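Before any comments, here is the structure.
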Amino acid sequence: MKVAPREAPVLSSDGGFNYEGGSMQRIRTDEVTSHVGERVKLAGWMHNWRDMGKFGFLVLRDGAGTFQAVLDNPEEMGKLKGLQYESVLEIQGLVTPDPRAAAGAELHDCRVRVISPVLEPLPFEINKKELKPGLDVFLNHAPLGLRHLEKRALFRISAQVMAGYREYLTQQGFVEIQSPKIVGSATESGANVFCIDYFGRPAYLAQSPQFYKQIMVGVFERVFEVGPVFRAEKHSTSRHTNEYVSLDLEMGFIRDHTDVMAMLTAVLRYIFDRLQQSLARELELLKIKVPSIGDSIPSLRLSDAQELIFERHGEDCRGEPDLAPQHEAWLCEHAEQELHSELLFITHYPTAKRPFYTMPDDQDPSLTKGFDLLFRGCEIVTGGQRIHRYEQLLNNALQWGIDPEAIDGYLQAFKYGMPPHGGFAIGLERLVMQLAELGNLREATLFPRDLDRLSP
RNA sequence: GGGGGCGUGGUGUAGUUGGAUAACAUAUCGGCCUGUCAAGCCGAAGACCGCGGGUUCGAGUCCCGUCGCUCCCGCCA
């Protein structure tokens, strides 16, 4: 891009935020309307500038939102000359009520101060209603693109999902933990792990807090964790990345996996209610329809689900150990039409397909007390009851070809007594992706790590 | 690891069975405008059509290779 050289704008002598007359407290854009008739100071990014000739409208954006200032002084307007959008400005002005302004008020008689000028044109527009660039271009410019109001709304939702998760579980007597992300052995066989050099010894990035949260059930009974997990799978799909945030939980003294499913149902209901209360504007902006959860989420056994697919779609996947993405989509269609639910539990996956610590079903030990939760056609949670007796767990480990030595620390918890327990892991980005009906998991990830994306 | 699709100004797209100065929107730059809010109007600049080779009188368009992106499958959250 060729840019004509311009004259650099005149900056304040300190170039910073504090200056003479800077004794006035800066307020945020969402506080302005409670200062009608007063002079206030705002600071933020030049979101838009509509030059009408003798005057113009400057839309300033800060962490809270946007606010309009009217500039009609040639000297103040001249300070914007040569500045691109996203320049950081400070504006002092009189809060004046005006029905013509979207907020019902605006700043008049403004004085502008340039804090950080932006001189190079932006690679794409971020002050329009919709963000135009394709995924790749967007992600390469994430530091800029994430400033778009829709992206901000999305990641506020993401933050509130985490906050709601923490809030509800804390109320229910759960203790938040942080398990190590550098581990000495792979948690679950099969899944690929990232190997790192740990002072000359091989170590791995944790692919799940599974062992640690189970161990901590032995301490607190009820624990949860919000943290990153790492998967070295070389997959390239719209619903996988190599690092994501896992909302984990593990709880003791359960009757069976249905207690865990009930807790999951309750926490999701709480999160969804909370979103509607605290982020109504963001939900509206993104046209998000939050699903309603009744007394319970409908549930199907895997074998029944497969039977249903055979009957309704003619595809025979009966006997398969797992569902294909197409099957999940079909089942969710069915759940929405017949059961009036956008969420659907699938239970009783075969033992052979689940990890060694999964509790087998009492009636049929070839099946497990494990479940998945599907949401609008995509798997967002996996969970189940775990084996709590030492001998049974040890035998299973051996049967699965796992060296007990390698998971010695984990087994220790069981040797010294563990209650019946179970838990689950929600994929945060998956949940948000499905909630906002996005086409790609990366859109729900701030800085996605995938097969060939390591920055920004 | 396997399969499909797409690469055209900064960005997003159009470009017909191969045909002459590659179009549109927006951004950028200049000008006009006292109520914009995806501002509007006038003007300018900006792309050798990802790269390499081939077919042809002629390639953005067809073929081969290559690189990049994207989607699907396997695996999973």
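What's counted below: heavy atoms across the whole structure, side chains too, no hydrogens, waters or symmetry copies. Here the structure is a predicted model, which means the values were calculated and not measured.
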task: Return one dot-bracket line describing RNA chain B 5' to 3' (Watson-Crick or G-U wobble pairs, both distances under 3.5 Å; ( ) same strand, [ ] crossing, | another strand, . none).
output: (((((((..((((.....[...)))).(((((.......))))).....(((((..]....))))))))))))....

Using atom [atom1] of each nucleotide, how far apart are [N] and [M] to the nearest Å?
N      : M      : atom1 : result
B:rA44 : B:rA27 : C1'   : 14 Å
B:rA22 : B:rA14 : C1'   : 10 Å
B:rU11 : B:rU28 : P     : 15 Å
B:rC49 : B:rG10 : P     : 13 Å
B:rA47 : B:rU21 : C1'   : 14 Å
B:rG43 : B:rG7  : C1'   : 32 Å
B:rA23 : B:rA45 : P     : 13 Å
B:rG12 : B:rG3  : C1'   : 28 Å

field: Under 4.0 angstrom between A:Q210 side-chain N/O and B:rA77 OP1 or OP2
entry: no

query: When you check the phosphate oxygens OP1 and OP2 of B:rC75, does a side-chain N or O of A:K353 lie under 4.0 Å from one of them?
result: yes

message: Among residues at least two apart in sequence or on other chains, which ones pass side chain to side chain donor-acceptor pair (under 3.5 Å) with A:Y349?
response: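 A:D372.
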
Across the strands shown, which category fits [X] at heavy-atom distances under 4.0 angstrom: base, sugar-phosphate, nothing?
X      : answer
A:G56  : nothing
A:L441 : base
A:V229 : nothing

For [Y], is there an ion pair with [X] - N to carboxylate O distance below 4.0 angstrom?
X      : Y      : value
A:E176 : A:R166 : yes
A:E250 : A:K213 : yes
A:R442 : A:D450 : yes

field: Pi-cation contact, A:Y357 with A:R386 (under 6.0 Å, within 45°)
entry: no

Take atom [atom1] of [X] and atom [atom2] of [N], then tell me their distance rounded to the nearest Å.
X      : N      : atom1 : atom2 : answer
A:L264 : B:rA77 : CG    : P     : 13 Å
A:Y244 : B:rC75 : OH    : C1'   : 12 Å
A:N192 : B:rC76 : CG    : P     : 11 Å
A:F124 : B:rU28 : CZ    : C1'   : 16 Å
A:R354 : B:rC76 : CZ    : P     : 9 Å
A:K81  : B:rU28 : NZ    : P     : 13 Å
A:E125 : B:rG9  : CD    : C1'   : 13 Å
A:F230 : B:rA77 : CZ    : P     : 16 Å

query: For nucleotides 66-71 of chain B, read 5' to 3', which letter fits each nucleotide if B means a protein heavy atom sits under 4.0 Å from the base, S means only the sugar-phosphate is that close, and - means neither?
result: ---SSS

- request: Produce a footprint string for nucleotides 32-41 of chain B: one letter per nucleotide, 5' end first; B if the base is under 4.0 Å from any protein heavy atom, S if only the sugar-phosphate is, - if neither.
  value: -BSBBBSB--

- prompt: Taking N and O atoms by type only, does the side chain of A:H235 place a donor or acceptor under 3.5 Å from a partner on the base of B:rC76?
  reply: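 Answer is no: no donor-acceptor pair is held.
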
- request: Find out whether A:I297 and A:S299 are in side-chain contact, i.e. whether some heavy atom of one side chain is under 4.5 Å from a heavy atom of the other.
  value: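 Not in contact.
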
Partner residues of A:M77 under the side-chain contact (heavy atoms from CB on, under 4.5 Å) criterion, sequence neighbours left out: A:W49, A:D51, A:L71

query: Between A:F124 and A:H141, what is the ring plane arrangement, given parallel below 30°, perpendicular above 60°, and tilted in between?
result: perpendicular

Gap separating the [atom1] atom of [X] from the [atom2] atom of [Y], nearest 0.5 angstrom:
X      : Y      : atom1 : atom2 : result
A:L344 : A:F375 : CG    : CZ    : 12.5 Å
A:E437 : A:K287 : CD    : NZ    : 12.0 Å
A:L149 : A:R61  : CG    : CZ    : 6.5 Å
A:T445 : A:L428 : OG1   : CG    : 8.5 Å

field: Side chain of A:R430 (C-beta onward), nearest among B:rU11, B:rC29, B:rA77
entry: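 The answer is B:rA77.
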
- prompt: Is there any side chain to side chain donor-acceptor pair (under 3.5 Å) pair reaching into residues 145-159 of chain A, and which pairs are they, with sequence neighbours excluded?
  reply: A:E86-A:R147

